[in-house]
Every structure is written in C-alpha cells, then in structure tokens.
Amino acid sequence: MNPDKYYWTNRASIHHMERLEGFLPEGSDPEQILLSGKPRYIEHIEESIISVDGHRHYDMLIEYDIYHPSHGIYFGCRSTTLPGFDHSVETKTALEEWNSVLPLALRRLNNVFPEKDFSCRLRDTDNDNDRTFWPFWISLHEDESPDAVACVALRILAAAYKDYVAGEAIDVKMPEHKAIVYPTLRTAFTREAYESFLKRLAANVALVSSLDKRDLNVRTAVSMFESLIRRLEERGVLTRNTAYEYAWNLRHDIPDVEFSALIKIFFEELRLRLALNSSVKVPWKDLIRLILRHDESPFKEQVKTLKAQYDTILRIREWIVET
C-alpha cells in the first residue's frame, strides 16, 4: 500500500476542518477525525423546519465532507423525505417550494450582505440519495467566516421560508436570467493601471485648463510624466520591475515621505509649466498602482498626507526640474 495515498487529501482536509473548529465534535481534532473517518461529514444545523405539508424535514446547515476537500465547505437547505412518502415526488416538491422562497431569501441575503450577490452563488445538487436532497447549496468562500456568513445566511433562509408558509412574504420575483457580464477588474501594476493613470491625469489637467489650451495641456502633462519616469530611471531613483507589466520600484534609501514630496513637487512643476491658475489634483489612487517601495510592498493612499522638510524638498526638486 502506498503510504502517501491519503497525504494530500488529509492535508487539504485539515485546512477546512480548522476553519470549522467551533463545529467539530467535542474532544476531537482534525487528525483524529481523519484517522477514524467519524464523522464522515462535519455539519452544523442552524435551524430545522418541517415542510408545511408535513412530508419533508428541512435542515438549514453547514456541511463538509472530510474525504472530499475539493468540495470545500458549503451551506444551504437539505430536504429529507419523511417515512411513508415517495422520495421522487418529495424531491420535486421540495425544489418547487424552495424556488418560490428563494426570490425573497435572495433579496434579504443581498440586503444583509451588500458587498455580495448571492443570486450568482446558488449551486444545483448533483445527487439525490438516502432520501435526502439539496434544492440548492452555496460554497463558503475562503475569506468568509462560517459563523458570520453561513450561519447568518441560514437564519435568513429559514425566516424567508417561514414567512412564505405564513403568507407574509413580500411578492418578489427572481431576476431575469441574463448573459454573464463580468465586472471591470481594477488591477495594479499592469498596462490597464498605467493607462488608467494617464487618463486620470489628463482629466485632472483638462479640468483646470482653459478651453483653448485644454488639448495642448493634456498632451504636455502626459509627456512630462513620461519624461519624469525616464529621468528618475536614469538617476536610479526608480527601477522598472519586470515581474509586472507596468511597475517601478523606488530606490532602497528613499522613504515614503520623500516619495510623497517627489509627486507633490512634480505636480507643482506641472502647474507652473502649464501656467495654470489652479493646482492639478494628484490622482493618488491611480499613481500608487504603478510605484512600489524597494521591497516591492505597495503604498497606501495615506502617503499623500506625509510632509517633507524644506531641505528634503529642495534636494528632490533637483531630480525633476529638468523634466
């Protein structure tokens, strides 16, 4: 027998069980459970409901299969057909019933978790055995807490079902099925980030330019920034980081306050060169998606609040005045 046969399964499974630490049987740990195989499924039932017709038992639960870590931790509704009823019939009824409840449940889930959209997270089950059936299930993401997300969501599901049965549910329709449209992904240290910065720079310059000089000022501003990057590379202040599409590392002896001063001085020089009456707003959010510290750690937008000493400003001005 290959002694490593279960190594990777166990390794991955322990990770999930550690996330479910509060739901493990008392006195047991992940390694003991894996060795014994008991329980096969780690589960936590948040609430149980008998269907209105009395044919099915609904469990609102979190579940994890210790021998299939690739399935991850999931939660939802498990319907169990009670004795004396035809399971194939009850499966269809359970699915129909929960399809009626879900529009209200989804609205409430999305209200409680405004940064999540549960309508695109419902999964269909691929099995129906042992007189149990999941009308739907939801994967628990790695950055989601079993307590703060799954348990709260399960209570919302249970309440929606109760309101539906009591006739107190608001009539909510499921959103129409539409083709998947992936949201625009905002990246950093990529071509998209570089182009986004130039567009924001151009927009900020245009905002404070007179109509007759707007186009010329925009072209000049973009050219000045590109010249600044080249000049700082020549001086060794910046080094192109080829591990990314578009990124530069600051030299190791340049602290955050000097980086902040460098950018502020450049934008003041930009105002003077363009003879503007108002300062050009620095697009810090876009800029810090291009420049990294020497150790490759990213800047936070708060870098804009740092204030340099006068002698530091004079020294840094020499790096850029010729741009």
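- In this structure, D86 does not pair ionically with R131, as no charged nitrogen and carboxylate oxygen lie closer than 4.0 Å.
- Ion pairing of R271 with E268 is present here, as a side-chain N (NZ or NE/NH1/NH2) and a carboxylate O approach within less than 4.0 Å.
- Salt bridge E192/R289: present, at least one basic N to carboxylate O contact under 4.0 Å.
- At most 12 non-hydrogen atoms from other residues, nucleotides or ligands lie less than 6.0 angstrom from CZ of R200.
- Using a 4.5 Å cut-off between side-chain heavy atoms of Ile, Leu, Val, Met, Phe, Trp and Tyr, W137 falls into a hydrophobic cluster with Y41, I45, L61, Y74, W134.
- Aromatic ring centres of F189 and Y246 lie farther apart than the 6.0 Å criterion allows.
- Of the candidates T187, D286, T190, D286 is the only one forming a side-chain hydrogen bond (donor to acceptor under 3.5 Å, both in side chains) with S196.
- Within the cation-pi definition used here (under 6.0 Å to the ring centroid, within 45° of the axis), R121 qualifies as a partner of F118.
- Checked options H71, H16, H44; the residue passing with Y64 is H16 (criterion: ring-ring contact (aromatic ring centres under 6.0 Å, His included)).
- Using a cutoff of 4.0 Å between basic side-chain nitrogens and carboxylate oxygens, D253 and R251 are scored as salt-bridged.
- Annotation: side chain of F23 is in contact with side chain of D147 (closest heavy-atom distance under 4.5 Å).
- Between R19 and E142 a salt bridge is recorded (basic side-chain N to carboxylate O distance below 4.0 Å).
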Please output the side-chain donor-acceptor pairs of residues 212-219 that fall under 3.5 Å, not counting sequence neighbours, one pair per line with the distance.
{"unit_1": "D212", "atom_1": "OD1", "unit_2": "S210", "atom_2": "OG", "d": "2.7"}
{"unit_1": "R214", "atom_1": "NE", "unit_2": "A206", "atom_2": "O", "d": "3.4"}
{"unit_1": "N217", "atom_1": "ND2", "unit_2": "S209", "atom_2": "OG", "d": "3.0"}

